[in-house]
Engineer: 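First the structure, then my questions, so here it is.
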Amino acid sequence: MSTDGSGDRREDPPPPQNNGSGAIASIGGGNGVVSGDSSRPFVPSQRLRLNPNKDHKPDNYDDLQLDFNPSIFSSLEPYLPPSMLSVSREAKVQFMREILLRYLPQGEQTRAQRHREYRQKIISNYQVENFENWVNEAKFRIMRPNTMNKFGAVLDDFGLETMLDKLMEGFIRPISKVFFSEVGGSTLDSHHGFVVEYGKDRDVDLGFHVDDSEVTLNVCLGKEFSGGELFFRGTRCDKHVNTGSQSEEIFDYSHVPGKAVLHRGRHRHGARATTAGHRINLLLWCRSSVFREMKKYQKDFSSWCGECNREKNERQRMSIAATKLELLRREGESTT
Ligand SMILES: O=C(O)CCC(=O)C(=O)O
Ligand SMILES: [Fe+2]
């Protein structure tokens with residue numbers, strides 16, 4: 001894992017391995033917490049109450065472009081000192097932000113501050129309809145969605161973060177709870193949303209990789225194109241990311257405009273060349289902090305890693321074979 005100056009967290013590709021399907025890369029994107037002016041000294045009076053005011057009905061902060069999740073502000077509000085409960089929403093936000101910022105490490109505060117200025121610059125400058133033209137004309141250096149795509153844009157940086165968060169909470173999490181609970185599908189709590197573009201003067205294909213997500217939504221927005229098929233080659237944990245694929249893990253999917261695929265982030269995949277036309281896809285990488293934390297203490301991922309599962313079955317097969325052999329040996333002994 002490495003961090004470049006932009007604060008975009010990426011996983012370095014693992015070393016190449018000849019596994020028939022090519023070495024796998026792992027692509028990551030950043031959607032860290034963005035914060036504001038953290039240089040202001042801490043004022044001791046900026047304290048929250050120990051016990052919340054249970055009768056207080058907090059404001060809703062969903063419509064604001066905030067550097068922390070809006071629900072954090074609603075949850076924190078009943079803990080405000082009594083004099084703060086009746087002030088304007090903006091004043092409450094400012095007060096709570098300053099408290100929240102104290103909990104960010106210094107490096108994160110600087111990174112977050114830069115990211116906030118970056119987003120502000122986009123919001124106040126973006127005028128032309130064609131995104132890539134605008135980037136060229138304005139000579140604006142934008143952060144690309146991940147290390148492998150040279151085109152495309154991070155939607156969270158363009159004011160869509162709250163909307164995409166709602167999409168994840170209201171739509172992707174309920175589905176993932178049913179289909180992907182073993183990889184944290186029911187506890188998805190953050191996302192990285194972006195578009196990717198392929199075709200003439202855009203990216204051509206996308207190499208074999210795993211996403212920096214627990215669950216990925218991939219929606220084909222259009223337009224007309226040939227090629228661009230996704231190829232899937234089995235789900236793997238970190239340790240087994242470069243192992244070969246079993247024949248039953250080989251699965252190809254052709255994008256259809258208006259249709260979407262939902263897959264585990266650790267499901268190894270890539271996109272074939274878009275040979276004609278222009279393809280645009282919307283990606284929402286959904287993450288679960290709970291799943292990531294728990295993963296640190298686990299070694300066996302046989303519930304979702306194809307190779308862990310194969311190894312576990314193999315161990316069971318060997319153990320049954322050894323038991324059978326032992327029983328036969330004992331039977332032989334007792335009859336002689
Ligand atoms: O081009 C596609 O449809 C796949 C994109 C993808 O896998 C990714 O951005 O993680
Ligand atoms: Fe991907």
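Counting convention: from 1, in listed order, for ligands and their atoms alike. Computed from a prediction, not measured in an experiment: that's the story for all the values here.
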Engineer: So does Glu169 pair up with Lys166, basic N to acidic O under 4.0 Å?
Structural biologist: no

Engineer: Could you list the atoms of ligand 1 found under 4.0 angstrom from a heavy atom of Phe194?
Structural biologist: 9 (O)

Engineer: List ligand 1 atoms under 4.0 Å from Trp285, heavy atoms only on the residue side.
Structural biologist: 10 (O)

Engineer: Assess whether a salt bridge exists between Asp59 and Lys92, defined as any Lys/Arg side-chain N lying under 4.0 Å from an Asp/Glu carboxylate O.
Structural biologist: yes

Engineer: Does the residue Met148 have a heavy-atom contact with ligand 1, meaning some pair of atoms that are separated by less than 4.0 Å?
Structural biologist: no

Engineer: Distance under 6.0 Å and angle within 45° of the ring axis: does Arg49 meet both against Tyr79?
Structural biologist: no

Engineer: Taking the basic N atoms (NZ, or NE/NH1/NH2) and the acidic carboxylate oxygens, is any pair closer than 4.0 Å for Glu117 and Lys121?
Structural biologist: no

Engineer: Relative to ligand 1, is His209 under 4.0 angstrom through side chain, backbone, both or neither, heavy atoms considered?
Structural biologist: side chain

Engineer: Check this for me, if you would: do Arg233 and Asp252 make a salt bridge, where the nitrogen-to-carboxylate-oxygen distance has to be below 4.0 angstrom?
Structural biologist: yes

Engineer: Between Phe194 and Trp285, is the ring centroid distance below 6.0 Å?
Structural biologist: yes

Engineer: Show the atoms of ligand 1 that are less than 4.0 angstrom away from any heavy atom in His269.
Structural biologist: 7 (O)

Engineer: So, Asp212 and Arg292, do they make that salt bridge, N to O below 4.0 Å?
Structural biologist: yes

Engineer: Have a look at His269 and say which of its N, O or S atoms is nearest the Fe ion (ligand 2).
Structural biologist: NE2

Engineer: Need the ligand 1 atom indices (1-based, order shown) with element for anything under 4.0 Å from a heavy-atom of Asn281.
Structural biologist: 3 (O)

Engineer: Side chain or backbone of Asn218 under 4.0 Å from ligand 1, or both, or neither, by non-hydrogen atoms?
Structural biologist: side chain

Engineer: Between His278 and Glu197, is any side-chain donor less than 3.5 angstrom from a side-chain acceptor?
Structural biologist: yes

Engineer: Using a 4.0 Å cut-off to any heavy atom of Tyr198, which atoms of ligand 1 qualify?
Structural biologist: 1 (O), 2 (C), 5 (C)

Engineer: May I ask you to establish whether Arg144 and Phe151 are in a cation-pi arrangement, using a distance under 6.0 Å from NZ or CZ to the six-membered ring centre and at most 45° from the ring axis?
Structural biologist: yes

Engineer: So if I count the atoms of ligand 1 from 1 in the order they appear, which ones are less than 4.0 Å from some heavy atom of Arg279?
Structural biologist: 1 (O), 2 (C), 3 (O)

Engineer: To 10 degrees, how wide is the angle OD1 (Asp211) to the Fe ion (ligand 2) to NE2 (His209)?
Structural biologist: 90°

Engineer: Could you list which atoms of ligand 1 come closer than 4.0 Å to a heavy atom of Leu230?
Structural biologist: 2 (C), 3 (O), 4 (C)

Engineer: Give the atoms of ligand 1, by number and element, whose distance to some non-hydrogen atom of Asp211 is under 4.0 Å.
Structural biologist: 10 (O)

